[in-house]
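The block underneath contains the structure these notes are about, expressed in structure tokens.
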Amino acid sequence: MRTEQPKVIHLKDYQAPDYLIDETTLTFELHEDHTLVHAQLVMRRNPERADGSLPALVLDGQQLELLALSMDDRELGTADYQLTDSHLTLQPVSDSFTLDSTVRIHPESNTALEGLYKSGSMFCTQCEAEGFRKITYYLDRPDVMSRFTTTVSAEQHRYPVLLSNGNPVASGAEEGGRHWATWEDPFKKPAYLFALVAGDLWCVEDVFTTMSQREVTLRIYVEPENIDKVQHAMDSLKKSMRWDEEVYGREYDLDIFMIVAVNDFNMGAMENKGLNIFNSSCVLARAETATDAAHQRVEAVVAHEYFHNWSGNRVTCRDWFQLSLKEGFTVFRDAEFSADMNSRTVKRIEDVAFLRTNQFAEDAGPMAHPVRPDSFIEISNFYTLTVYEKGSEVVRMIHTLLGAEGFRKGTDLYFERHDGQAVTCDDFVKAMEDANGVDLTQFKRWYSQAGTPRLAVEEAFDATARTYSLTFRQSCPATPGQAEKLPFVIPVELGLLDAAGNDLPLRLAGEGEALGGNRVISVTEAEQTFTFVDIAEKPLPSLLRGLSAPVKLSFPYGRDQLMFLMQHDSDGFNRWDAGQQLSVQVLQELIGQHQRGEALVLDTRLLDAFRSLLEDESLDQAMVAEMLSLPSEAYLTEISEVADVDAIHAAREFARRSISDALFPQLLARYQANRALSRETPYVASAEHFARRTLQNIALSYLMLSGKAEVLQACLEQFEACDNMTERLTALSVLVNSGFEDEKARALASFADHFKDNPLVMDQWFSVQAGSTLPGGLERVQALMGHKAFTLKNPNKVRALIGAFANQNLVNFHRADGAGYRFLADHVITLNALNPQIASRQLAPLTRWRKYDEARQTLMRAELERILASGELSSDVYEVVSKSLA
Ligand code: TRP
Ligand code: ZN
């Protein structure tokens, strides 16, 4: 907890460290009621800073009980150092020295899940960003890179497996039933990449032969009952290793690569050198217990963490302001990997829908910050959608501007130039510039300016001159601390469709010849016009294909034009996007009708568009499924000036029921055909099968709105007879959202009974209920908090129940009396004391108070005030609450 006023850390104050740590030798003695950590640090004055003086050595350390301290074998007493609750300060007497410390820590009571802690009966660590300081006194900053040797000792029968980074070099037995193991990591690394695991674990082992024919042992460690759920992660790992060799020329560097699955984890996973630690939700997957989405998430997260070995570990961050250097780049890498392994267009659609709904909202809220923030109070609060997802979009734009080959030249130079270093986002961009002979100075505003730019486009056609002009106007709203913004470089991928829907050859005024029908232009000015020549008839523009920049584009499309694009655009992503824009227009019309108290009347063109999608058997099923999905309530909220939660819900539900009524036969045909295939074919985790099941399940969710007995029967058949979690969970979810009370209760009970011993499946069970928008949602969630499988101490449970309720069940969370807000604030206050990182993340929905009507604003702010006044706040919660109220 915070004892002093929280300090704001600024990027502009960065200074290189005064001292370096060349060698770090750690010994952990693990016991049930405490752990002893001995650290030997071989240190020297940083030559970069050497000016003849010997400044004080200030080590980070929190919640440590110092038992012994010596410098160059001279024991130090309390007069030799100063100790506060965050630092240990002492005075070196020479340029280089060895510091030995012994501390006692308490992993067994660590509920923050940062530093060394226990997940169930296993010991594990989470050191990023600043958790290592809860393990020992250290220079806990990423620009201090050291060689680590780690010895772990523990009771043999409880902890037969003892792991740390690098290679195992020695092990043995001790007195009293204990044993030990020593690990050596030959690569210098910052402390945030340190890891230790001790437990009763089983592993699946495999071998990967690298491009230079080295054999690497691969091991995935899990608790014994999960050993049957590891194969998918292992397959994903091998694919990732091959892909990184093929696409980036990056080879793995140690002889062993390990993944450990733990149940209690604050985030998805962690890329510790040679010893990745994963939330079990991102490792375990098999047909019976994990959905298609979960299988894809495992594949993506395994890849993400593996890719960090180069983008993050071999080349790391100089300071935490540079977090996107590794995270934005690595998200881009894992997104491209997933696109290559599955359907590229579907992956892009999913990512963009997520970005627009969630990152755009963050960028418009009180916590908005640049991809490279200028300041923070608590770095854990900056593992954000902006740093990760927008950061990935920024790297994607560089890729778009330079082309695949130029981009690869840039990454080759980056890895070669900076291997073994801790660097900045500027260094990354510099490598791109140097490898390609380009100037990205203006482009770099994407790193420093927050907010989502608007891009308004106007057209002008001149039939006699045969020219077609597009005028782009960019602007960017003010964000905290940034009133004025300078123009961005916005790559706009576009095409111009003729009356038959074909891409016209594109030749800009002044160019000798047309350069294809799809091209990228760069908008760099606040206002800029591009004129295309040789255009005989007025075309229909397809703009920002694939979302070539993270901006909000507006062009005054009519609904018939959007339907035309839906059918003809050569870019699959933009076909989907045209459908989304059409849906948004239709839904916003319904929202207006609801607000004026009028009868809701749906524009039947939406039904026509959906009918032709369903009837066209030649279309990719995954695309049909994506296009049949209406924009979410959260997205409709994000694009509203003032979000009317009830009107949004009513309008969207009305549209869903209208689709169900009007297209019942078509939906049923698609459902039955795909369910029959599911019945005949055993589960396969591949793009084609994901597509088929997604369409089947979206059809079922529409059909169920009819309330017809034949659909209920089909749903129950699917629930009971299917062989996989994707079909079972969808069936459960549509039942839960239906009015069939008896069937619902029976299905929920039988599901819980069957899966009571599988925590990840129980998370799904909680989520499905937390997301049900039927009246009484808050009461149902409150009742579920008392369920024996629920605990606030497990982040997955908190996310499954509280998080799903506050983020996905908008009508119930925002109920007019404010009870949803009070509920969330109560739990944030409890979580603040248990696990600050989780508490602060759960707060996000309350920070969006400016989006709602005055009455709700008042209620939401009152809860934020109540949290602020609730007592000692962690820096995590304090930063988010205070910035939200500012
Ligand atoms: N570096 C991790 C990633 O791959 C992020 C992470 C894992 C993390 N656990 C954390 C960040 C705990 C902060 C706190 O994205
Ligand atoms: Zn990452």
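Counting starts at 1 for both ligands and their atoms, following the listed order.
Environment of CD in Q421: crowded, with over 12 heavy atoms of neighbouring residues, nucleotides or ligands closer than 6.0 Å.
Between N263 and S119, the side chains place no donor N or O within less than 3.5 Å of an acceptor N or O (distance only, hydrogens not considered). A side-chain donor from one of T316 and Y192 sits under 3.5 Å from a side-chain acceptor of the other.
Residue contact annotation: E327 places an N/O/S atom under 2.8 Å from the Zn ion (ligand 2).
The side-chain heavy atoms of E879 and F382, taken from C-beta on, include a pair separated by under 4.5 Å.
Under 4.0 Å is where a charged nitrogen must lie from a carboxylate oxygen, and between R372 and D426 at least one such pair does. With respect to K793 and D264, no salt bridge is recorded, no charged nitrogen being found less than 4.0 Å from a carboxylate O. For D763 and K797, the salt-bridge test passes: some basic side-chain N is under 4.0 Å from an acidic carboxylate O.
The immediate protein surroundings of ligand 1, defined as residues with any heavy atom under 4.0 Å of it, consist of Q126, E128, F265, M267, A269, M270, E271, H304, E305, H308, K326, E327, Y383, Y388, Q837.
Between the NE2 atom of H308 and the NE2 atom of H304, the angle centred on the Zn ion (ligand 2) amounts to 100° when rounded to 10°.
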